[in-house]
Structures are given as structure tokens and as C-alpha cells.
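The structure presented is a predicted model; accordingly, all values stated were derived computationally and were not measured. Chain A is the first sequence line, chain B the second, and so forth, proteins listed ahead of strands; every chain is numbered from 1.
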Amino acid sequence: MSKLTLKTEGDTHVVVTRRFAAPPEAVYRAHTDPKLVQKWLLGPEGWTMPVCINELQAGGKIRYEWRNGKGDGFHLTGEFLELKPYRRIVHVERMHLPDPTPDNHIETTFEPDGTGTLMTMRMTLPDAQTRAAMLATGMERGMEASYARLENMILDWRLSEASH
Amino acid sequence: MSSTFNLDASFAALADPTRRAILARLASGEATVTELAKPFEMTQPAISQHLKVLEDAGLIVQRIDGSKRPRRLAKAGIEVIDQWLRMLRKALEKNYDRLDGVLAEMQLNKERKPR
């Protein structure tokens, strides 16, 4: 059973939740300490994050750069709006692909959940079109890695549709 | 045989980023050509050309409403969007599975430290 939920809310929100078997303090640190962030926020297999800057204060800058070792790369910039240690992070971010995407406003909360943590990430995009484009872009990165898998799945449902 | 042609058409249709974005936009509801053209800084004829490709691939359908022809996702289009959401979830899950590993390591390091 998957521990992750991803859903859209209203016209402009995307809400992601995930449970972790560690206390909020640890999950918060893993989201803010660059040395820890570089270990997991990597996306598809083969990508690394050689640059990870988090200025941990309101107004502080965020900069993440990803590379795949084959000459491809992209980066993200942002600013922290609010940091409440171990409980809440509010920041804005944009991807540079290479043109910057519209700002994504993200509130991340870490709530104690038994001996673990429930993380809730609530993203707010400027409008429905931007949200749609963001989902499409996020999907594209996954797509590169698994286009063949998608092809098989589409073939499956095409065939099942044809057989009805 | 015809299902092979459909498959090729949907792949050709999905190969273009503008068409993928149009599909994603239609996931949040029906839209007219004018509404679809707005975020892309493209002319209406250019958008109409993309819409035709999506339509021929069976991913979207149009409805007649007076002089308007609003487009919406066809069943195949909805399936593609569902597929994308599943893939996005998968990409996020991969990150968070790695984070589980980082958290377990942090816990071990803490236990090893003398109090």
C-alpha cells in the first residue's frame, strides 16, 4: 500500500501527503539541510544535485541544480517566506527550463503522527492553466525515464478497448 | 489493425509539448479555442492545427454550442492524464523512498553518538 497521496484541489492547488517513520525534527532537517536534501531530492535514476543552497531565514534564497551526467541539466530558484523549525516551511519556487515557470507557492507542514510524521505539502499556482502546465512538465520528466512503460500501458488499454 | 494506427496517432500527438499542455489544460474542464490559445502565445490557426492532431488521435472531442466548438477530453485523453498523474506520483515516491533511507541513516548516526 502506498503511503503517498497526490491530489488536485480547486483550480489552483496540488496537495501531496506522505507519512515518515521518523520524528518531525528529522524530516524537517532532511528538507532543509543541503547535505541531506542532496541525498534524496533527485527525481529519475541517474540524476544528481551538485548545487543545493538553502539560506534558512525568511527572505533567504533557494537554489537547486540537477545534472544527469550526460550534459543535461536544469535548476530551480526560490525564496523562503517563513521557517518554523520542525513544523512548517513556506516558500516560493520556480523551475528554469530554461525559461522560468510561474511561481509555485508551497506550504509544507510536519505533524507528529504516532512515532512518525505526517508531511503535507500544499502547492498554490497562480491559475488553472499554470497548474495544468506544471503537472504536464512534471510528468514529462518522468516520461523521459519510462516512455516505453507508458507505451505498453497505452497499448494495453487500447487493446482492451478494442476488444469490448 | 486499426488499433495500431490509433496507437501511432496518439504517440505522434503526444510527442509535442504544446499538445501535452493542451491535454493537461483540458483536464481541468472544457475550453474553447480562444481560451486554449491564450496561455500559449500562439495564433488560433496554430492552436486549431494542434487540436486537429489531438482529435484525429481520439484524445479530444468537440461539441457544437452555437458558433462555438468547445473541446473536452475523450476517454483516451482522460486515460493519458491519469497515466501522467500516476507517473508523477511514481517520481515523487522514488524521492520519498530515498528520503526514508536518509531518515533511517540519521536515526542510526544519532544512536551511535555518545550521550
Side-chain angles (χ1 to χ4, degrees), chain A residues 2-8 11-12 14 16 18-23 25-27 29-31 33 36-45 116-117 119 121 127-143 145-147 149-151 153-155 157-159 161-163, chain B residues 1-11 14-15 17-29 31 35-36 38-40 57-59 74-76 78-107 109-110:
Chain A
S2 168
K3 292 178 274 187
L4 180 118
T5 71
L6 169 80
K7 58 177 190 187
T8 55
D11 282 342
T12 58
V14 177
V16 175
R18 174 67 151 78
R19 287 188 158 73
F20 296 99
E25 180 185 349
V27 184
R29 280 182 49 212
H31 273 79
D33 180 343
L36 296 173
V37 173
Q38 280 173 308
K39 289 183 180 178
W40 67 270
L41 192 58
L42 302 174
E45 211 66 61
T117 302
M119 182 202 73
M121 200 162 61
D127 49 54
Q129 276 89 347
T130 307
R131 182 180 69 183
M134 185 201 71
L135 290 174
T137 311
M139 290 155 206
E140 266 171 56
R141 285 174 51 213
M143 242 167 159
S146 50
Y147 212 63
R149 202 162 55 221
L150 175 75
E151 186 162 6
M153 287 176 189
I154 291 186
L155 184 60
W157 60 254
R158 277 282 189 210
L159 290 176
E161 207 168 58
S163 68
Chain B
M1 202 60 205
S2 75
S3 85
T4 310
F5 283 131
N6 279 342
L7 184 65
D8 287 348
S10 38
F11 268 87
L14 292 172
T18 303
R19 290 198 287 270
R20 287 196 294 264
I22 290 173
L23 270 196
R25 162 65 185 85
L26 290 175
S28 57
E35 286 165 344
L36 289 171
K38 209 180 287 174
F40 297 110
L59 297 171
K75 186 169 174 260
I78 294 167
E79 285 284 349
V80 168
I81 296 285
D82 284 350
Q83 201 63 58
W84 285 349
L85 280 173
R86 277 198 288 276
M87 287 168 68
L88 186 60
R89 268 183 56 135
K90 212 165 228 172
L92 282 172
E93 266 166 1
K94 191 159 218 168
N95 276 345
Y96 289 133
D97 287 347
R98 268 192 293 256
L99 175 52
D100 284 337
V102 171
L103 292 168
E105 211 176 286
M106 286 165 75
Q107 190 60 37
N109 288 342
K110 202 175 161 191

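Shown here for Arg98(B) and Lys39(A), the closest heavy-atom pair between the two residues is CD-O, 3.7 Å. Minimum interatomic distance between Ala26(A) and Met106(B) (heavy atoms only, all atoms of both residues): O-CE, 3.5 Å. The minimum heavy-atom distance linking Asn95(B) with Trp40(A) is given by the pair OD1-O, 2.9 Å. In terms of heavy atoms, Tyr96(B) sits closest to His31(A) at CE2-NE2, 4.4 Å. Across all non-hydrogen atoms, the minimal contact from Gln107(B) to Pro23(A) is OE1-CD, 4.5 Å.
Looking only at side-chain heavy atoms (C-beta outward), Glu93(B) and Leu6(A) stay at 4.5 Å or farther from each other.
Side chain of Asp100(B) to backbone of Phe20(A): no donor-acceptor contact under 3.5 angstrom is found.
With a 4.5 Å cut-off on non-hydrogen atoms, Val16(A) touches chain B through its side chain but not through its backbone.
From Glu25(A), atom CD reaches atom NZ of Lys110(B) across 5.5 Å, with rounding to the nearest 0.5 Å. Rounded to the nearest 0.5 Å, atoms CG (Leu92(B)) and CZ (Arg18(A)) are 10.0 Å apart.
The side-chain contact (heavy atoms from CB on, under 4.5 Å) test applied to Gln38(A) returns Met49(A), Cys52(A), not counting sequence neighbours. When the salt bridge (Lys or Arg N to Asp or Glu O under 4.0 Å) test is applied to Asp33(A), no partner is found at least two apart in sequence or on another chain.
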